[in-house]
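One structure is given here, and the rest of the page talks about it.
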Amino acid sequence: MDIKDPIGNAIWDYHTKNDPEDITVESDLVEDDILPIDVLFRQFDTFSLLEIKAMEQCKGNVLDVGAAAGPHAKYLTKKGFDVTTIESSPIAHRYLQAILPQATHYSARIQEFNTGQYDTILLLMNGIGLAGHLNEVQPFLEHLASLLNPGGSILCDSTDVQSIFEDDEGGLWVDLNANYYGEFKFNMKYKGTESGWFDWIYLDLENFEKIAKAAGLKLTLLAEDDANSFLVQLKKEA
């Protein structure tokens, strides 16, 4: 068991039927939450509306960023797509190699990844959060854009979390002028293992569009749901 890889340990326990448990997610701003292990292994029939829309938009060879247990990679591989996964968890990476030998797999942080060119880059389950901070989103998007083939696109979902900070009267209990309200710190725990605190960001649509434009990308809103989450497609400006 890797003491710094709670996600990977949970995935491997589920895979080997070794008494898997849910993952605890600590936050610096909101109450602790639970990431059910079943969510990481969900099938297409339990995908969210945004995920289904993203699957419909995939073309050509696909890079699945932060693949975890690979629900999207599994679905797309079955559909005949040429799929590449990138996953920073070494144990999750080992799992993906074992169950999807027909795909290509890399264990790395996306910020240091420079292998291949892709028609579709998937950043689902709020993959934009990997940028960490608001001021890192533009260089993060520019790096992803450098991995696109001509005409390729990035498919990404995010959530406007402002409603989390509203009180019963509609006022806000967080200072929106201090730091961007979508910036969080998280720590994941699983069976005595911890990831350590890491930075994560949720973007509202207005900021997303502004930053995408600064990165030379055209943003198209593809879908929204009733939880203030949305799916966008990003393409290089002509």
Side-chain angles (χ1 to χ4, degrees), residues 39-40 42 44 47-73 75-76 81 83-88 106 108-113 116-162 180-184 186 198-237:
V39 169
L40 299 178
R42 63 197 180 282
F44 180 78
F47 280 9
S48 70
L49 168 69
L50 303 186
E51 289 176 299
I52 292 171
K53 186 67 174 179
M55 297 299 98
E56 293 172 351
Q57 295 294 316
C58 287
K59 297 179 180 178
N61 58 330
V62 180
L63 176 65
D64 186 3
V65 179
H72 308 119
Y75 172 77
L76 293 171
F81 284 86
V83 177
T84 299
T85 72
I86 177 167
E87 174 51 60
S88 61
Y106 293 95
R109 294 178 69 245
I110 184 60
Q111 287 89 337
E112 284 87 44
F113 181 74
Q117 296 291 118
Y118 304 92
D119 301 303
T120 305
I121 296 177
L122 287 179
L123 275 177
L124 299 182
M125 293 193 73
N126 199 73
I128 194 67
L130 292 167
H133 292 280
L134 187 65
N135 63 1
E136 293 297 324
V137 175
Q138 182 178 333
F140 182 77
L141 291 178
E142 289 171 345
H143 174 62
L144 289 175
S146 73
L147 299 172
L148 287 175
N149 281 324
S153 66
I154 302 165
L155 298 171
C156 179
D157 62 343
S158 194
T159 303
D160 186 345
V161 296
Q162 181 170 317
Y180 177 61
Y181 65 84
E183 292 184 338
F184 288 72
F186 290 118
F198 58 92
D199 298 313
W200 197 261
I201 187 166
Y202 297 90
L203 273 180
D204 66 282
L205 186 56
E206 182 179 354
N207 271 297
F208 210 147
E209 188 166 18
K210 180 173 66 175
I211 296 170
K213 184 175 182 179
L217 296 166
K218 177 178 174 54
L219 182 150
T220 301
L221 177 63
L222 297 179
E224 298 176 275
D225 65 18
D226 55 7
N228 296 319
S229 296
F230 55 89
L231 175 72
V232 298
Q233 181 183 61
L234 305 171
K235 288 190 170 187
K236 291 181 181 179
E237 294 276 15

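Under the salt bridge (Lys or Arg N to Asp or Glu O under 4.0 Å) criterion, Glu51 pairs with Arg42, sequence neighbours left out. When the side chain to side chain donor-acceptor pair (under 3.5 Å) test is applied to Thr85, the partners found at least two apart in sequence or on another chain are His105. With sequence neighbours left out, Ser88 forms a side chain to side chain donor-acceptor pair (under 3.5 Å) with no residue at all. Judged as a side chain to side chain donor-acceptor pair (under 3.5 Å), and not counting sequence neighbours, Gln117 has no contacts. Applying the side-chain contact (heavy atoms from CB on, under 4.5 Å) criterion to Asn135, with sequence neighbours excluded, gives His133. Contacts of Gln111 classified as side-chain contact (heavy atoms from CB on, under 4.5 Å), with partners at least two apart in sequence or in another chain: Arg109, Phe140. Checked against side-chain contact (heavy atoms from CB on, under 4.5 Å), Thr84 has the following partners two or more places apart in sequence or in another chain: Leu63, Thr104, Tyr106, Tyr118. Shown here are the salt bridge (Lys or Arg N to Asp or Glu O under 4.0 Å) partners of Asp199, two or more places apart in sequence or in another chain: Lys185. Contacts of Ile52 classified as side-chain contact (heavy atoms from CB on, under 4.5 Å), with partners at least two apart in sequence or in another chain: Phe44, Phe47, Glu56.
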Under 3.5 Å, side-chain donor or acceptor atoms of residues 206-224 against the rest of the protein: list the pairs with distances, not counting sequence neighbours.
from, atom 1, to, atom 2, distance (Å)
Asn207, ND2, Asp204, OD1, 2.7

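Between Phe186 and Phe184, the ring planes are parallel. Angles under 30° get that label, and only those over 60° would be called perpendicular.
Among residues at least two apart or in separate chains, there is no side-chain hydrogen bond (donor to acceptor under 3.5 Å, both in side chains) pair with a member in residues 61-70.
Proximity of Asp225 to Ser48: side-chain heavy atoms (C-beta onward) are nowhere separated by under 4.5 Å. Here the side chains of Ser229 and Asp157 are not in contact, with every heavy-atom distance at 4.5 Å or above.
Of the N and O atoms on the side chains of Asp119 and Asn149, at least one donor lies less than 3.5 Å from an acceptor on the other residue.
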